[in-house]
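Before any comments, here is the structure.
Quick note on labels: first sequence line is chain A, next is B, and so on, each numbered from 1.
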Protein chains: 2
Amino acid sequence: MRPENRRQVKELTLFRAMPDAAFDRLLAGSFFQRFPAHVVLIREGDLADFLHIVIDGGVELFSNWRDHETTISIARPISTFILAAVVKDAPYLMSARTLDASSILMIPSENIRTAMLDDSAFGVAMVDELAACFREIVKAQKNLKLRSGVERLANYLLRLDAEQRNDGRVVLPFEKKLLASLLNMTPENLSRAFATLKPYGVAVSAAAVEIANPGDLRRFAKPTPLIDDPKS
Amino acid sequence: MRPENRRQVKELTLFRAMPDAAFDRLLAGSFFQRFPAHVVLIREGDLADFLHIVIDGGVELFSNWRDHETTISIARPISTFILAAVVKDAPYLMSARTLDASSILMIPSENIRTAMLDDSAFGVAMVDELAACFREIVKAQKNLKLRSGVERLANYLLRLDAEQRNDGRVVLPFEKKLLASLLNMTPENLSRAFATLKPYGVAVSAAAVEIANPGDLRRFAKPTPLIDDPKS
DNA sequence: CGCAGCCTTGACAAATGTCAACAAACGTGG
DNA sequence: CCACGTTTGTTGACATTTGTCAAGGCTGCG
């Protein structure tokens, strides 16, 4: 692990307040490893031995039941995933695989749990992180239960635009198949959803999406901070 | 607040490890109040001034968008709700209303946050509670994305049976309209879903559901601990 | 070059939502 | 305790949404 990376991890709200010595203790026994794309890191049902942190690349969190599979979320640098399973010392509820070539830091669950007991500031940081994760997934749940597929897509595009250059020229960050799974639709349906948004000024060409008039799309999508705001 | 109730709240994993004196400090400025059925306790978007705890009765957590409404979860005694908003000092993401006449304990958010800083064991308990909440909603997400309406109903019935007497004679704990909203379907659709399960030995009469042969239903529902186990 | 996987489109099927009608259950005020 | 109106639950007919299957074009990679 390069000092550069160590610094980045230390910058996470989770670890920011931690004294350097404690942080070094936390990292004892950790692995920093580079993986190619499309490697399964975690299989749901396994016990949570390590807290994982994406340093570079991207990770898909997904789940299977019978012959269905669905994407729950995407973890981008620099962020943790499957924190809750680590805390509870319980089986992972989701599987994880790399999207692209990725660098992953793995910290033994045991280290996390003891750090929490030793350092109450770290405990507070964990509470903060978990609360944020919880709120994210509540929003995802609302998005899923209250909106149709087309509405989810429209709001997703608006969010992407805001995260990117806010000029109506959006680039999809991964393949449409995965986006479909994230938005809970089939790839065929996603294609049709894009077609449905055409009258609102949405034009797609491979990964590039142009939103001719964001106002039109916004009037259709009706975004609300209580679902679509990444913070709050 | 009766001593009986105080004892019950103290029994929550959240507060169990706390010294009595600290617990009393935590409760300073709290309200213990009895509400009739169908009273709105919390409106989504409002700021989280109080941590709420259901002592008696039941609370529905729900959310609106445009002219849709959906139930996110049901809080039963003795448990907290909207913990995450309190921690983040952020707006509630869900509204809450009483299902029946209910007793609610409300603890000022400020007290929770200071207790967390003072007492690292309480911090750990909070982490534990939030992680449990997170895992519950991940399961709900998987349930929603991976299963059809009929499958959700079948698994719900099996879970209810396990929670109740495990003899195939289940009593629905609230009206079907609410159950439909929780399972993300319309009331009409829920009626039809019950009819679909008839060949698997499910007979409904008002709130009483009889599962003639749980084995049959189980083979159809294919429950898995990674979605349906309340603990883990 | 040729294969494999992704994306799109069309035709069709299945699931789910909507609207209307009505019966049953419930709560309220007499 | 009854009568009344309101709400809930059910059913049918139908519309809409979403999923499935098949085909074909495109792209990227060996």
Side-chain angles (χ1 to χ4, degrees), chain A residues 36-38 60 65-71 97 99-101 143-154 156-157 171-199 202-209 220-221, chain B residues 36-39 60 65-71 97-101 143-157 170-199 202-209 220-221:
Chain A
H38 309 125
E60 175 193 3
W65 180 73
R66 300 184 73 177
D67 53 343
H68 296 266
E69 174 173 319
T70 191
T71 304
R97 69 166 82 95
L99 285 176
D100 321 299
N143 193 36
L144 204 60
K145 291 186 81 173
L146 291 168
R147 287 173 175 162
S148 71
V150 181
E151 287 166 341
R152 289 195 295 275
L153 174 60
Y156 179 82
L157 291 175
V171 178
L172 301 179
F174 34 70
E175 43 182 31
K176 295 204 183 78
K177 192 186 171 189
L178 175 58
L179 177 57
S181 177
L182 188 64
L183 296 177
N184 203 35
M185 31 180 146
T186 57
E188 294 95 326
N189 234 310
L190 178 61
S191 278
R192 288 175 192 126
F194 272 118
T196 307
L197 291 180
K198 210 169 185 179
V202 174
V204 197
S205 148
V209 180
F220 169 80
Chain B
H38 310 124
V39 168
E60 175 192 4
W65 181 72
R66 302 184 71 175
D67 53 344
H68 296 267
E69 173 174 321
T70 192
T71 304
R97 68 165 82 96
T98 53
L99 286 175
D100 320 299
N143 193 37
L144 203 61
K145 291 185 81 173
L146 291 167
R147 288 174 174 161
S148 71
V150 181
E151 288 166 341
R152 289 195 295 276
L153 174 60
N155 281 290
Y156 179 81
L157 291 176
V170 171
V171 178
L172 301 178
F174 33 70
E175 44 182 31
K176 296 205 181 78
K177 191 185 171 191
L178 176 58
L179 177 57
S181 177
L182 189 62
L183 295 176
N184 205 34
M185 31 180 147
T186 57
E188 294 95 324
N189 234 310
L190 177 61
S191 278
R192 287 173 193 128
F194 271 118
T196 307
L197 291 179
K198 212 170 182 178
V202 174
V204 197
S205 148
V209 180
F220 168 80

Open item on the list: For a quick test of reading the model, state the closest non-hydrogen atom pair linking A:Lys176 to A:Val204 and the distance between them.
Closed with: CE-CG1, 3.9 Å
TODO: Send over the distance from A:Glu151 CD to D:dT17 C1', rounded to a whole Å.
DONE: 12 Å
Open item on the list: Without decimals, in angstroms, what is the distance between A:Asn184 CG and D:dG19 C1'?
Closed with: 11 Å
Open item on the list: So, using side chain to side chain contact (heavy atoms under 4.5 Å, CB included) as the criterion, who are the partners of B:Ala207 when residues are at least two apart?
Closed with: B:Val171, B:Leu172
Task: Under the side chain to side chain donor-acceptor pair (under 3.5 Å) test, residues paired with B:Asn184 that sit two or more places apart - done: none
Task: Contacts of type side chain to side chain donor-acceptor pair (under 3.5 Å), residue B:Arg147, not counting sequence neighbours - done: B:Asn143, B:Asp228
Task: Residues in salt bridge (charged side-chain N to carboxylate O under 4.0 Å, His left out) contact with B:Glu69, at least two apart in sequence or another chain - done: B:Arg97
Open item on the list: Checking B:Phe220 now: which residues fulfil ring-ring contact (aromatic ring centres under 6.0 Å, His included) with it, not counting sequence neighbours?
Closed with: B:Tyr200
Open item on the list: Please check: side-chain N/O of A:Thr71 versus main-chain N/O of A:Ser181, any donor-acceptor pairing under 3.5 Å?
Closed with: no
TODO: Do nucleotides 7-15 of chain D as a string where each nucleotide becomes B, S or -: B if the base has a protein heavy atom under 4.0 Å, S if just the sugar-phosphate does, - if no protein is that close.
DONE: -SSSBBB--
Task: Integer-rounded Å distance: D:dG19 C1' and A:Asp67 CG - done: 13 Å
Task: First and last nucleotide of DNA chain C, 5' to 3', lying under 4.0 Å from heavy atoms of chain B - done: C:dT16 to C:dC19
Task: Partner residues of A:Lys145 under the side chain to side chain donor-acceptor pair (under 3.5 Å) criterion, sequence neighbours left out - done: B:Thr70
Compile the donor-acceptor pairs under 3.5 Å between side chains in residues 186-194 of chain B and protein atoms, sequence neighbours left out, one pair per line.
residue: B:Thr186; atom: OG1; partner: B:Asn189; partner atom: N; Å: 3.2

TODO: Tell me, please, which residues at least two apart from B:Thr196 pass side chain to side chain donor-acceptor pair (under 3.5 Å).
DONE: none
Open item on the list: Expressed as a whole number of angstroms, how long is the span from A:Met185:CE to D:dT17:P?
Closed with: 13 Å
- [ ] State, to the nearest 10°, the angle formed by the axis through the first five base pairs of the helix from C:dC1-D:dG30 to C:dG30-D:dC1 and the axis through its last five.
- [x] 50°
